[in-house]
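Just so it is clear, the model here is predicted, and its values are computed rather than measured. So you know, we letter chains A, B, ... as the sequences are listed, proteins then strands, and number each from 1.
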Protein chains: 4
Amino acid sequence: MSTRARRAREKEERRQSILQAAREVFVQQGFHRATMDSVAEQAEVSKGTVYLYFESKETLLAHLLLQGLEALIGYLEEAYAADRSLAADERLRRLGWAYLQFFHREPLYFRFLMAVDRGRFRETVSAAIYQQVLKSSLEGLDWVVQAVEQGVEEGVFVCCDARQAAASLWATLNGVLDLMAHPLRREMVGVETDVLYRTALEIVIQGMRPVS
Amino acid sequence: MSTRARRAREKEERRQSILQAAREVFVQQGFHRATMDSVAEQAEVSKGTVYLYFESKETLLAHLLLQGLEALIGYLEEAYAADRSLAADERLRRLGWAYLQFFHREPLYFRFLMAVDRGRFRETVSAAIYQQVLKSSLEGLDWVVQAVEQGVEEGVFVCCDARQAAASLWATLNGVLDLMAHPLRREMVGVETDVLYRTALEIVIQGMRPVS
Amino acid sequence: MSTRARRAREKEERRQSILQAAREVFVQQGFHRATMDSVAEQAEVSKGTVYLYFESKETLLAHLLLQGLEALIGYLEEAYAADRSLAADERLRRLGWAYLQFFHREPLYFRFLMAVDRGRFRETVSAAIYQQVLKSSLEGLDWVVQAVEQGVEEGVFVCCDARQAAASLWATLNGVLDLMAHPLRREMVGVETDVLYRTALEIVIQGMRPVS
Amino acid sequence: MSTRARRAREKEERRQSILQAAREVFVQQGFHRATMDSVAEQAEVSKGTVYLYFESKETLLAHLLLQGLEALIGYLEEAYAADRSLAADERLRRLGWAYLQFFHREPLYFRFLMAVDRGRFRETVSAAIYQQVLKSSLEGLDWVVQAVEQGVEEGVFVCCDARQAAASLWATLNGVLDLMAHPLRREMVGVETDVLYRTALEIVIQGMRPVS
DNA sequence: CATGAATGAGGATTCATTCAT
DNA sequence: AATGAATGAATCCTCATTCAT
């Protein structure tokens, strides 16, 4: 029994170690340039072993995405839970910062999430896993929706549709991080990513307030 | 002479036709999946001919990007020029709509622009053409900057930095279009792309107004 | 353990078999005309396997050259070692014959050695292997130099510079084999390769003797 | 009539200019690397025009070879004719020097002559032109044969077969020039090409003298 | 005669995946 | 379970040659 348990644990560890190796390789070289040889080498296992744990290169990517989403949700949840009695605008601010933290602390996962459905990801991954990815995304959005709804109830925010407002905020933050992803575009804007991020966040929060 | 002129014209037409074919193929299959064979077939020429006009797959991509940027700038310029005496907020609205029109009318170009510097684009394209791409991007942003500056001068807008505000707007609009690019995410939000686009645009414009 | 040893042996055998196949194909078709497909087919492996063992077509060539040089040096060394107490002229004769034997018994290797640095060989092969090729060549020449020096010491030969004399002899023998490589040129000369080879060898040996 | 003559002359000039262009390109880039585009560009004509004058790349090469041989024969003939009353050994010396001069003054042609029947030349060129190449080679050898025969008649040289002796000399000189073609082999020998050439020439001449 | 646009067969190399051990 | 040797389809690009104008 103990043996069986140890076996299972080792197996899971091996799985995780391959996943981490893939993450590093994919981010360093990009998904297309990365080869399964590199992944195997980085994970210090044979190529055959990689296929023992993941049926294809795309599956590997999918599992990384899932992990990334879980991590992100963790950040948002924590931000939300930290302080139960918070004004709606402050809550949004906290959620925004949490997202920025996720971006800084988990750059590899972030890049994965941004890159979903670019490429043929959708067609190459099993429907089940794809649904899971989307379900998790929705869960992330829900934290924002809740904060907006709270604001509307409190009369701090005015908007026809909380979901739309939340989506706008999310879109804005993504847009900023994507825009600033490129050094030359950063130079074009003239400030650091975090500065623009904060500015955009405040503009959107401000934009949701009732007109004077 | 007439012959020479005709030759030159035909050559340019052929060039354009290859470019269009590549645009279609690249969008349908994605840049990496697309093969030069497909491009040639779509253009109804031989593969050798494609290489007669464009030295590599990456060059083809670069020229498509440039064309896309020119088209976009055309849209913005026109929106700006249409009515010289316009309030700043209305002007931003017009620019935003122009961008949305570009998105709808030139979906292939739009996808290209969004996809720039994903992949190894930067490393594979000549420095000259790369600089040109960035210069054009900057030119596009400038239209928005001008409108914001006008608003600040008129006292309608309050913001520390016109460039940051403009970048925030651009980032938001991009973020929305990117977010809504995927059917299942659209479903998640529950409204059509254009609706969310308008909402987000209004939120940002509103967010730039002075606090009551 | 035994398994591992067998694996290693099989791997080396496979490597050699690919090398032999390449030698045959390169000689039959010439290096440029030969394709990696032909090599793979001749070796009865897939093309991928060839690349598993040799990183490029040029590397394949380089390894063949190295093998050829080793074989040649073997012939010369043996000829020199066979009889330790030999007159200098007889020693040169033996070295010359050994070279002729190499030419007859290892025609494929011989052709490779003659063809070195034609083409872009130098630029396409790693510096390390290139240096090795030259080092081996030098080693071959040294056997001849030693024999000439012995003759000079014994007073049988008169020559300003043993190295020059040795190079002259080598050049002559190469020149003969190259000249006679072509059937129509053989016809032109009117005798068999071996006959002219012997004549030229004797002329050079005779030419190194002191004038009466 | 005059027009027709001019036309013919111009045509021949164009032909020659293409031939020269090809010679330059082939030598600079090597026959295989050289493209017909390069030849056309160097000749400042269109690619079609090149094919108007020469049916294939190989034919171009063959004609260059023929030209080269003609030039070589000119050098030898002149050396022979210069002084009608010359000792046989001095005559061979002169022929040898003439060959060296040809090597230095017409390096492009020389390289061509050395490279004949490497590659698939023989199979790709029409039989007629191939025969012509060989006929010319024979003619060149004949000058040497005559000088040797003269020496034998005069009793200065002893050799069973003048043709073999002549071939040995030619082989030696070719061998030297080929050996010294490579910088690192030159370094190996330690003297300049011309020095070794002269040494080898003298050794062979000496070797043809009767034993004391 | 001259042009140069068009062709398409061909070739080196890569890499995800399989499977015997 | 783990290995790693073997596979071969797929892909970008080249270039000698042709032919309509």
Side-chain angles (χ1 to χ4, degrees), chain A residues 7 10-11 14 32-41 44-60 124, chain B residues 3-4 6-8 10-11 14-15 18 32-40 43-60 124, chain C residues 3-4 6-8 10-11 14-15 18 32-40 43-60 124, chain D residues 7 10-11 14 32-41 44-60 124:
Chain A
R7 282 283 181 81
E10 282 175 3
K11 193 166 175 178
R14 171 79 44 116
H32 281 99
R33 308 275 276 218
T35 68
M36 290 299 261
D37 279 276
S38 310
V39 172
E41 198 183 4
E44 293 175 324
V45 296
S46 76
K47 209 177 351 174
T49 302
V50 177
Y51 278 91
L52 218 51
Y53 287 87
F54 299 93
E55 60 184 10
S56 74
K57 202 183 170 189
E58 274 77 18
T59 303
L60 214 34
T124 50
Chain B
T3 300
R4 173 173 299 179
R6 185 165 49 78
R7 279 282 183 87
E10 282 175 2
K11 194 165 177 177
R14 172 70 47 112
R15 197 186 136 89
I18 292 174
H32 282 99
R33 306 279 279 217
T35 69
M36 289 302 259
D37 281 274
S38 309
V39 173
E44 293 176 322
V45 296
S46 76
K47 208 184 340 183
T49 302
V50 177
Y51 279 93
L52 209 57
Y53 287 87
F54 300 94
E55 59 185 8
S56 72
K57 203 181 169 190
E58 274 77 21
T59 303
L60 212 36
T124 50
Chain C
T3 301
R4 175 173 297 179
R6 185 166 51 75
R7 278 283 182 87
E10 282 175 2
K11 195 166 177 177
R14 173 71 47 112
R15 198 187 137 88
I18 292 174
H32 282 99
R33 307 278 279 216
T35 69
M36 290 301 260
D37 281 274
S38 309
V39 173
E44 292 177 321
V45 297
S46 77
K47 212 180 345 181
T49 302
V50 177
Y51 278 93
L52 209 56
Y53 287 86
F54 299 94
E55 60 186 6
S56 73
K57 202 182 169 190
E58 274 77 20
T59 302
L60 213 34
T124 51
Chain D
R7 282 281 180 84
E10 282 175 2
K11 192 168 176 179
R14 170 80 43 117
H32 281 99
R33 310 274 276 220
T35 67
M36 291 298 261
D37 280 275
S38 310
V39 172
E41 198 184 2
E44 292 175 324
V45 296
S46 76
K47 209 179 350 179
T49 302
V50 176
Y51 278 91
L52 219 50
Y53 286 87
F54 299 93
E55 60 184 8
S56 74
K57 204 184 170 188
E58 275 76 18
T59 303
L60 213 34
T124 51

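- Separating the OH atom of Y51(C) from the C1' atom of dA16(E) is a distance of 18 Å, rounded to the nearest angstrom.
- The pairing partner recorded for dA5(F) is dT18(E), the criterion being a Watson-Crick or G-U wobble arrangement whose two distances lie under 3.5 angstrom.
- Rounded to an integer number of Å, the gap from E10(B) CD to dT21(F) P is 10 Å.
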Discussion item. Across nucleotides 5-11 of chain E, 5' to 3', mark each nucleotide with B, S or - according to how protein heavy atoms within less than 4.0 Å reach it.
Written reply: SBBB-BS

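- Summarising the geometry of K47(C) relative to M36(C), their closest heavy-atom pair is CG-O, 4.1 Å, with the distance given to 0.1 Å.
- Around CD of E41(A), the count of heavy atoms belonging to other residues, nucleotides or ligands within 6.0 Å does not exceed 12.
- With rounding to whole Å, H32(B) atom NE2 is found 16 Å from dT14(E) atom P.
- Residues V45(B) and L52(B) have side chains not in contact (no heavy-atom distance under 4.5 Å, counting atoms from C-beta outward).
- The local environment of CD in E10(A) is crowded, with over 12 non-hydrogen atoms from other residues, nucleotides or ligands closer than 6.0 Å.
- When every heavy atom of E55(C) is checked against every heavy atom of T59(C), the shortest pair comes out as CG-OG1, 3.3 Å.
- Note: I18(C) CD1 to L60(C) CG = 8.0 Å, rounded to the nearest 0.5 Å.
- Separating the CZ atom of F54(A) from the P atom of dA2(F) is a distance of 13 Å, rounded to the nearest angstrom.
- Atom CD in E58(D) sits about 12 Å away from atom C1' in dT17(F), given to the nearest Å.
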